[in-house]
Amino acid sequence: MSLHPIDMAVIAAYIGLTLFIGFWISNRANTGLRSYFLGGNRLPWYALGLSNASGMFDVAGTMWLVSILFVYGLKSIWIPWLWPVFNQIFLMVFLSIWLRRSGAMTGAEWITFRFGDGPAARLSHLIIVLFALILVLAYMAYGFLGIGKLAVQFIPVDLAGMLQLDLFLPVNLRTPDLTGDLLAQREAAMTALNEKAFGVFLIFLTSLYVIKGGMYSVVFTEVLQFIVMTIASIGVAVIAMLHVSPDMLAAAIPDGWTNPFFGWELGLDWSDLLPSADTKIAKEGYSLFSIFFMLVLLKGIFTSLAGPAPNYDMQRILSARGPVEAAKMSALVSIVLNLPRYLLITGLTVLSLVYFSPYLRDMGADADFEAVLPFALREFIPVGLLGLTLAGLLAAFMSSFAAPLNAAPAYVVNDMYRKYIKPDATDKTYLRMSYIVSTVFVIVGTLFGLFLTSIDTVINWITAGLYGGYTAANVVKWYWWRMNGYGYFWGMLTGIVFALILGMPQIDINPLQAFPVFFAACLVAVIAGSLLTTPTEMETLERFYLKTRPWGAWGPVVESLVGKGQPASRNPDMKRDLVNVAVGIVWQTALICTPIFLVIQDWPKMLAALAVLAITSIFLKLNWYDRMRDYPEDFPHAEEAAP
């Protein structure tokens, strides 16, 4: 499809404005490492929240969410618990406050705050740096997948042909004068090469301002990107509501599609409407939906209790001005991400259900549900709004790529180069190293992306494999005083090894189904590694407890502090925090359901979702928001480590 000149002009204007803002604001990042990586802890919580939401509003994830809403209907709201999406609720209620109190610059620096600086702490420090870098590469490669698939549908340029990338095709496909099956194979192969070429080009544009401007450029450009995406999302939702009536939608979906609840089985039968959807459900293993739900809930609770992984989400929390602002930022993410994103997702989905289903039926068993999003955009979005929507999706890609790219040099430069190689170098030296490290990660992340093909496979590995391996060690570190650096190291190492094994193409094991087994293995490694070695120095534990004030098994540390005359007591908020988490998960689910019911025009269910949203909001206002404080009242003289 060829874009209209107006759409091309909108996209070009957006790219130009993004680059201008990124470079214009970059001078603020050149005053030191804390300024480059954390914005000097001067950025307001609402800007960080918009930025964080923008970083999560990615193209690959949006394509995936459109495809699962298409197939699973309202029951798809539970599938993103794979990440899990409700980890933002744990963060907003208590974990963002705990984490921000450290004053650390990175997750690895926080590990030193927790375990000290002895041999055990250095091992734990190195293993979290390794995990963080693997995670950064995984997110960058994942973001790379979606943008190429989208760009090749709309940009009328044979970039692969211009760059003579057909030299990488098999010899029998290099001749343009082919017919029949060979011609179809060549066209499919050239499309795949064009996806990769566009991905590389857009990564280059994004890298320009991120490498130069650090956190300042990332946050300010992501706020702009979020505004663009929100306008586009509202426009798509309005168009869907005008084109698809409730009766038209009802004729295109199976019974139970609009019901978010389920029994032992999924309860959707596509056999008469779209048999390939039943095939997809069976292939993904979601037919026995209750078992899937129990697994994602089990994994999600433990993963959320572990706190944020060392990626862009953690960087935003550490960038906040203070602990309470960090919690507000995490709360804002759920609001500003879910409402506009699900307007866009639902709008594209209902248009495709009514108008694209015949094409999917013609594809038979090879139906490509990830093509739903490009089809809906191509067929229904008018000139001008299409350019804005594509600019919004381009913004989503740039955000999701920029966020981990900003996190990578923080771990290499601050946690490796500065800590072990040149601790006394100048800030200019560290900034130059950051530019070099970012460039290397752009190249390596792009190379990983070139070899990936399936968005769903990558999502499954990141959420269940990589995060599954991270979970055990990072749950225990918050809630058990006796865990030490050795326990953390062996637990993380076991998790990384399991995740890499599950990621091998020859291993045909579902990472989610394997989660209980390798979580248990990681937990054994944590406990054994801790109990068979000496505890962390009590002074380190006391300093950590006084600043963080976690609840859990911290009795010996509290007793030691009281024995020294320190005014310390146990954190009494565990029950209240967990109640707020439970209510918060209901609140977040209502935030997701409301825009879906709005676009499909199911007014009774929308009113019910709004009622749930109102009741839970009032409860959280009284039992969470009004009771937040930067530091416990029984330790009023604690000082913030960061300026």
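- Using a 4.5 Å heavy-atom threshold, the side chains of K621 and D626 count as touching.
- Taking all atoms of both residues into account, the shortest heavy-atom contact from L99 to M314 is CD2-CG, 3.8 Å.
- Checking side-chain atoms of T540 against main-chain N and O of G116 turns up no donor-acceptor pair under 3.5 Å.
- Looking at S124, its side chain does come within 3.5 Å of a backbone N or O of A121 through a donor-acceptor pair.
- Here the side chain of S96 pairs no donor or acceptor atom with the backbone of S330 at under 3.5 angstrom.
- Geometrically, K575 does not engage W551 in a cation-pi contact, judged by NZ or CZ lying under 6.0 Å from the ring centre and within 45° of the ring axis.
- In this structure, D7 contributes its side chain and G384 its backbone to a donor-acceptor pair below 3.5 Å.
- For the atom pair CZ of R101 and CG of L546, the computed distance is 11.0 Å after rounding to the nearest 0.5 Å.
- Contact of the M416 side chain with the L126 side chain is registered, since non-hydrogen atoms from C-beta on lie closer than 4.5 Å.
- Ring geometry for W478 against W98 counts as tilted: the plane angle lies between 30° and 60°, on a 0 to 90° scale.
- Contacts of Q588 classified as side-chain hydrogen bond (donor to acceptor under 3.5 Å, both in side chains), with partners at least two apart in sequence or in another chain: S334.
- Residues L610 and T594 are in side-chain contact: their nearest non-hydrogen atoms beyond the backbone lie under 4.5 Å apart.
- N87 places no side-chain N or O within 3.5 Å of a backbone atom of S304 that could act as its donor or acceptor partner.
- Between W81 and W78, the angle of the ring planes goes over 60°, which puts this pair in the perpendicular group of the 30/60° scheme.
- Taking all atoms of both residues into account, the shortest heavy-atom contact from L48 to L43 is CD1-O, 3.8 Å.
- Of all heavy-atom pairs spanning I127 and M492, the tightest one is CG1-CB, 3.7 Å.
- In this structure, the ring pair (Phe, Tyr, Trp, His ring centres under 6.0 Å) partners of F302, at least two apart in sequence or on a different chain, are F519.
- The ring pair (Phe, Tyr, Trp, His ring centres under 6.0 Å) search around W624 returns none, not counting sequence neighbours.
- One distance of note links CE of M329 with CE of M92; it measures 12.5 Å at 0.5 Å rounding.
- Cation-pi contact between R418 and Y430: present, with separation from the ring centre below 6.0 Å and deviation from the ring axis of at most 45°.
- Side-chain contact check for S102 versus F544: every heavy-atom pair is 4.5 Å or farther apart.
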Step-by-step side chain to side chain contact (heavy atoms under 4.5 Å, CB included) determination, V612 to I615: CA-CA 5 Å; V612 171; I615 293 168; over 6 Å; no

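- Panel note: side chain R321, backbone W45; no donor-acceptor pair is recorded below 3.5 Å.
- Separating the CG atom in L613 from the OG1 atom in T589 is a distance of 10.5 Å, to the nearest 0.5 Å.
- Remark: I592 CD1 to N338 CG distance equals 4.5 Å, nearest 0.5 Å.
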Verdict with supporting geometry, M433 and K422, side chain to side chain contact (heavy atoms under 4.5 Å, CB included): CA-CA 11 Å; M433 282 296 300; K422 282 196 173 182; over 6 Å; no

Pair D573-F94, side chain to side chain contact (heavy atoms under 4.5 Å, CB included): steps then yes or no: CA-CA 9 Å; D573 296 333; F94 63 95; over 6 Å; no

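- Q88 has its side chain out of reach of W83: every pair of non-hydrogen atoms, C-beta onward, lies at least 4.5 Å apart.
- Rounded to the nearest 0.5 angstrom, L591 CG and L339 CG are separated by 5.0 Å.
- Side chain of Y46 to backbone of L332: no donor-acceptor contact under 3.5 angstrom is found.
- Residue Y488 holds its OH atom at 3.5 Å from CG of N474, rounded to the nearest 0.5 Å.
- Contact of the W554 side chain with the L541 side chain is registered, since non-hydrogen atoms from C-beta on lie closer than 4.5 Å.
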Working for side chain to side chain contact (heavy atoms under 4.5 Å, CB included), residues T346 and F597: CA-CA 9 Å; T346 313; F597 289 135; over 6 Å; no

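- Within a 6.0 Å sphere centred on OH of Y625, other residues, nucleotides and ligands contribute 12 heavy atoms or fewer.
- No side-chain donor-acceptor contact under 3.5 Å links R627 to the backbone of L622.
- Between N623 and R576, the shortest heavy-atom contact is O-NH1, 3.2 Å.
- Using a 4.5 Å heavy-atom cutoff, the side chains of V236 and L343 are not in contact.
- Every residue two or more places apart in sequence or in another chain was checked for a ring pair (Phe, Tyr, Trp, His ring centres under 6.0 Å) with Y417, and none qualifies.
- Residues T429 and T426 bring a donor and an acceptor atom of their side chains to less than 3.5 Å of each other.
- Taking the side-chain hydrogen bond (donor to acceptor under 3.5 Å, both in side chains) definition, one finds that R432 meets it with nothing, sequence neighbours left out.
- Residues L91 and P308 meet the side-chain proximity criterion, which asks for heavy atoms closer than 4.5 Å.
- In terms of heavy-atom proximity, G103 sits nearest to E109 at O-OE2, 4.3 Å.
- No side-chain donor-acceptor contact under 3.5 Å links T548 to the backbone of Y545.
- Pairs engaging residues 87-96 under the salt bridge (charged side-chain N to carboxylate O under 4.0 Å, His left out) rule: none recorded [sequence neighbours left out].
- Residues I11 and G387 approach most closely at CG1-O, 3.6 Å, considering heavy atoms.
- Side-chain rings of F86 and W587 stay apart, their centers remaining 6.0 Å or farther from each other.
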